[in-house]
Amino acid sequence: MVRKGNNIDKILNKLSQKKEMPKSAFIVLLILYFISYFLVTQASRMSGSITINDAVIEYRSFAGVYSMVGNICLICLVMLFRKMGYFVTIALLLIQSPILLINIFVRHNYHSLPGIVSLFLIIIASTILFLSNRKITRYQQSIREQAVTDSLTGLPNRFACIELIQDYIKHNEKFTIVSVDLNNFKSINDTMGHETGDAVLKEVASRLEYLADSGYSGTNDFVARISSDEYMLILSGYESAEEVENSIDAYKNEIEKKITLDNCDYYMTACFGYAQYPENGEETNSLLLYADTALHEVKKKGSGSRILKFTNSLISTEKDLEIERKIRTALSNDTIFFHLQPQYDMDHKLRGFEALARMKDDDGSFISPDVFIPVAEKTGLIDRIDMRVFDLASAFLMQLNDPSLVLSVNVSVRHLMKNNFIEEIQNILTTRKIAPERIEIEITESIMIDSAEKALQRIDEIKQLGMQVAIDDFGTGYSSLSYLNNFPSDTLKIDKSFIDKMNLSDSSKQYVAMIISIGHILDLKVVSEGVESPDQVTVLKNIGCDYIQGYVWGRPIPPEEASSLAGAAVQTKN
Ligand code: C2E
Ligand code: CA
Ligand code: CA
């Protein structure tokens, strides 16, 4: 792998190259110089004249004009091409001087005297120009260096990053921008003082730089400091997503190693958010913004993984507004609909269905619930979606011949907490003439952390109505077991992420087995969500899971298909 080096020179060179004159200008000036030199010699040998308005102008007198043009060319060479221009100019002038000197001192032709004087004057002028130009260039160089360097750590700064990013984009080279932010750095500054804070920042900088230069990270890296405790990595020269993840992991580990300053040990951690070109975006600003968005998201989470890749679902504002408009239109046009995903017991007998909201875009394609549900939650439109799905799915349930089938519906925490929630639900149950025990309300685990007291009261009310309650996405939040103990639920739904990992290691399998056992101790039925393979089914059977919901036995389907599935299930039962 070709390493580009992590020093600032490359960026500086790039910056100065921008201001460099094209080589063609050099050649044009040289040609112009030789032409004027030729014309000077020709004009001085010419006799005759032209007459303009009675003024007689000798051809010979034009020699001065040509000589002036030649000198201007030389001055331009020194000014525009600095060192090279200067040396070429001096060489050209010195080559002429022996001829002129021989003319004067050997041939005693004193006509050459003005020539030699002007030649030396030009040499002096060029030298003065060159020397002062060099001073300016050095000054500019140091200004430029300051402009792309962070003064505390000596690392390149944000401006340098932008230069490099633009260069990569110009050459269509894939790369990853990683925004890095130290956790709790402020507390070091506050408790130990700014001097220690600065020393920590320098230590982190040198570790990052060392790792980048050593090549141990496995990718081709550029390290910069962006602002107080924020750094940026630009990774390139990788083939797979795994290489990028490993590389970021290497930086994470490097930062987390103990820092010893003045006999005191410090333990730093950092969060990493990253975005990739061209996958996530093709413009510098949006890529920088996306890496920051991912960083803020991972910082917000506060625990779990400290590395997050940008995904479109993290973009809010403009896109959200567009989605919000689409949800409003769909609600007022009554075009929100639902699909049903079957749930089975371990003998593959149908238990019931989970109703999942669906919405279409203007072009008829589906908008994923992962996109519109979060927007609906933020804007408060989720209540109307929940109720619409509940109502439609209840009507569906009443058409089924099998009274044992259960319908699970999702209710957002925000909706659940509304004062008229129970009333709304009751209205639907009454209008649709549904036995409440056939409805299972799915509530995400997060409710137990956010608003435990009020939530418990609301869940009690649901139970009093006779409905069942399921804890959805179990394992993704950080609820403690004591909450689970108090939560008057009937079913526990293990989140797909645990099922995904289950067959990859023994400890992951044990973890799922433990959740199932705890569920059973608390007298809950356990549903495993997102089961995709027969192998997972086998393991889940062995560790005592009660129900399965997943692509392995059934994807979400339209109500008509669900009716025939339920009809078939009744027939097989009879
Ligand atoms: P959820 O409640 O966890 O629903 C299960 C999601 O997992 C569904 O995604 C389902 O299609 C998907 N899934 C089930 N089995 C598999 C599998 O084997 N493999 C994979 N890859 N995926 C599987 P969907 O329909 O996209 O819904 C996403 C989320 O949107 C739901 O997650 C739920 O949180 C929310 N949601 C959907 N409908 C409603 C609704 O009416 N109200 C509320 N409040 N939220 C809803
Ligand atoms: Ca659910
Ligand atoms: Ca779920």
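Order of listing sets the numbers, starting from 1, for every ligand and every atom in it.
In this structure, the separation between CD1 on Ile226 and CG on Asp181 is 11.5 Å, given to the nearest 0.5 Å. Between the CD1 atom of Ile516 and the CD1 atom of Ile543 there is a distance of 4.0 Å, given to the nearest 0.5 Å. Distance CD1/Ile255 to CE/Met268: 8.5 Å, rounded to 0.5 Å. Rounding to the nearest 0.5 Å gives a distance of 5.0 Å between CG of Leu235 and CG of Asp221. Annotation: the span from Thr335 atom OG1 to Met359 atom CE amounts to 7.5 Å, rounded to 0.5 Å. Taken to the nearest 0.5 Å, the CD atom of Gln341 stands 6.5 Å off from the CD atom of Glu354.
For atom 7 (O) of ligand 1, no protein heavy-atom neighbour is present inside the 4.0 Å cut-off. Atom 45 (N) of ligand 1 is flagged as protein-proximal [any protein heavy atom, distance under 4.0 Å]. There is a protein heavy atom less than 4.0 angstrom from atom 42 (N) of ligand 1.
Checked by distance only, ligand 1 and Glu532 come closer than 3.5 Å through their nitrogen or oxygen atoms. Between Asp472 and ligand 1, a contact under 3.5 Å exists for at least one N or O pair. Residue Pro556 has no N or O atom closer than 3.5 Å to an N or O atom of ligand 1.
Taking only non-hydrogen atoms, the option from Phe372, Tyr551, Phe390 nearest to atom 13 (N) of ligand 1 is Tyr551.
Aromatic pair Tyr511/Phe498: centroids less than 6.0 angstrom apart. The distance between the ring centers of Phe353 and Phe396 falls below 6.0 angstrom.
Of all atoms in ligand 1, listed by their number and element, those nearer than 4.0 Å to a heavy atom of Asp386 are 40 (C), 41 (O), 42 (N), 43 (C), 44 (N). Heavy-atom contacts of Glu354 reach the following atoms of ligand 1: 2 (O), 4 (O) (cutoff under 4.0 Å). Using a 4.0 Å cut-off to heavy atoms of Arg358, the atoms of ligand 1 that qualify are 25 (O). Each of the atoms 15 (N), 18 (O) of ligand 1 lies under 4.0 Å from some heavy atom of Gly550. Every atom of ligand 1 is numbered from 1 in the order shown, and the set under 4.0 Å from a heavy atom of Gly530 is 15 (N), 16 (C), 17 (C), 18 (O). For ligand 1 and Val531, the ligand atoms under 4.0 Å from any heavy atom of the residue are 18 (O).
Within the 4.0 Å heavy-atom cutoff, Lys493 does not count among the residues contacting ligand 1. Residue Ser368 places no heavy atom under 4.0 Å from ligand 1. The closest approach between any non-hydrogen atom of Glu377 and ligand 1 is not below 4.0 Å.
Atom 15 (N) of ligand 1 has Gln341 NE2, 3.0 Å as its closest protein atom, hydrogens excluded (heavy atom only). Nearest protein neighbour of atom 35 (C) of ligand 1, counting heavy atoms only, is Ile373 CG1, 4.0 Å. Shortest contact from atom 31 (C) of ligand 1 to any protein heavy atom: Leu356 CD2, 4.3 Å. At the shortest separation from atom 5 (C) of ligand 1 among protein heavy atoms lies Glu529 OE2, 3.5 Å. Protein heavy atom closest to atom 29 (C) of ligand 1, with residue, atom name and distance, is Asp370 OD1, 4.0 Å. Atom 38 (N) of ligand 1 has Ala357 N, 2.9 Å as its closest protein atom, hydrogens excluded (heavy atom only). Looking from atom 24 (P) of ligand 1 to the surrounding protein, the closest heavy atom is Pro369 CG, 3.7 Å.
Here Asp495 fails the criterion, with no N, O or S atom under 3.0 Å of the Ca ion (ligand 3). Look at Glu442 and the Ca ion (ligand 2): an N/O/S atom of the residue is under 3.0 Å from the metal. At least one N, O or S atom of Asp472, from either the backbone or the side chain, sits less than 3.0 Å from the Ca ion (ligand 2). Asn410 lies close to the Ca ion (ligand 2), since one of its N, O or S atoms is found at a distance under 3.0 Å.
Between Tyr547 and Ser528, the side chains place no donor N or O within less than 3.5 Å of an acceptor N or O (distance only, hydrogens not considered). Using modelled atom types, one finds no donor on one side chain facing an acceptor on the other under 3.5 Å when comparing Asn280 with Tyr274.
The nearest N/O/S atom of Asp473 to the Ca ion (ligand 3) is OD1. When the Ca ion (ligand 2) is compared with the N/O/S atoms of Glu354, atom OE2 turns out nearest. Looking only at its N/O/S atoms, Glu529 has OE1 as the one nearest to the Ca ion (ligand 3).
The aromatic rings of His415 and Phe421 sit perpendicular to each other, their planes meeting at more than 60°, with 30° as the lower class boundary.
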- [ ] Applying side-chain contact (heavy atoms from CB on, under 4.5 Å), run through Met387 and Asp383 and close with a yes or a no.
- [x] CA-CA 6 Å; Met387 288 334 285; Asp383 317 6; 5.5 Å; no
TODO: Report the C-alpha separation of Glu437 and Val406 in whole Å, then their side-chain angles, then the decisive distance to 0.1 Å, and conclude whether the side-chain contact (heavy atoms from CB on, under 4.5 Å) test is met.
DONE: CA-CA 8 Å; Glu437 58 276 9; Val406 176; over 6 Å; no
- [ ] List the steps and the verdict of side-chain contact (heavy atoms from CB on, under 4.5 Å) for Lys463 and Asp490.
- [x] CA-CA 10 Å; Lys463 296 284 298 171; Asp490 307 273; 2.7 Å; yes
- [ ] Show the numbers, then the answer: is there a side-chain contact (heavy atoms from CB on, under 4.5 Å) between Gln510 and Met514?
- [x] CA-CA 6 Å; Gln510 294 305 327; Met514 185 199 72; over 6 Å; no
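For the pair Arg555 and Tyr551, the cation sits on the ring face: its NZ or CZ lies under 6.0 Å from the ring centre, inside 45° of the axis. Taking the ring axis of Tyr266 as reference, the NZ or CZ atom of Lys258 does not stay both within 45° of it and closer than 6.0 Å to the ring centre.
Under 4.0 angstrom from ligand 1, the non-hydrogen atoms of Asp473 all belong to its side chain. The proximity of Lys496 to ligand 1, defined as any non-hydrogen pair under 4.0 Å, is limited to the side chain. Counting heavy atoms under 4.0 Å from ligand 1, residue Val389 touches it through the side chain alone. With a 4.0 Å heavy-atom cut-off, ligand 1 is reached by no atom of Met387. Residue contacts with ligand 1 for Val552 are absent, since no atom lies close enough (heavy atoms, distance under 4.0 Å).
Using a 4.5 Å heavy-atom cutoff, the side chains of Ile443 and Ile471 are not in contact. Residues Phe272 and Leu295 have side chains not in contact (no heavy-atom distance under 4.5 Å, counting atoms from C-beta outward).
Considering all non-hydrogen atoms of both residues, Ala270 and Val180 come closest at CB-CG1, 4.0 Å.
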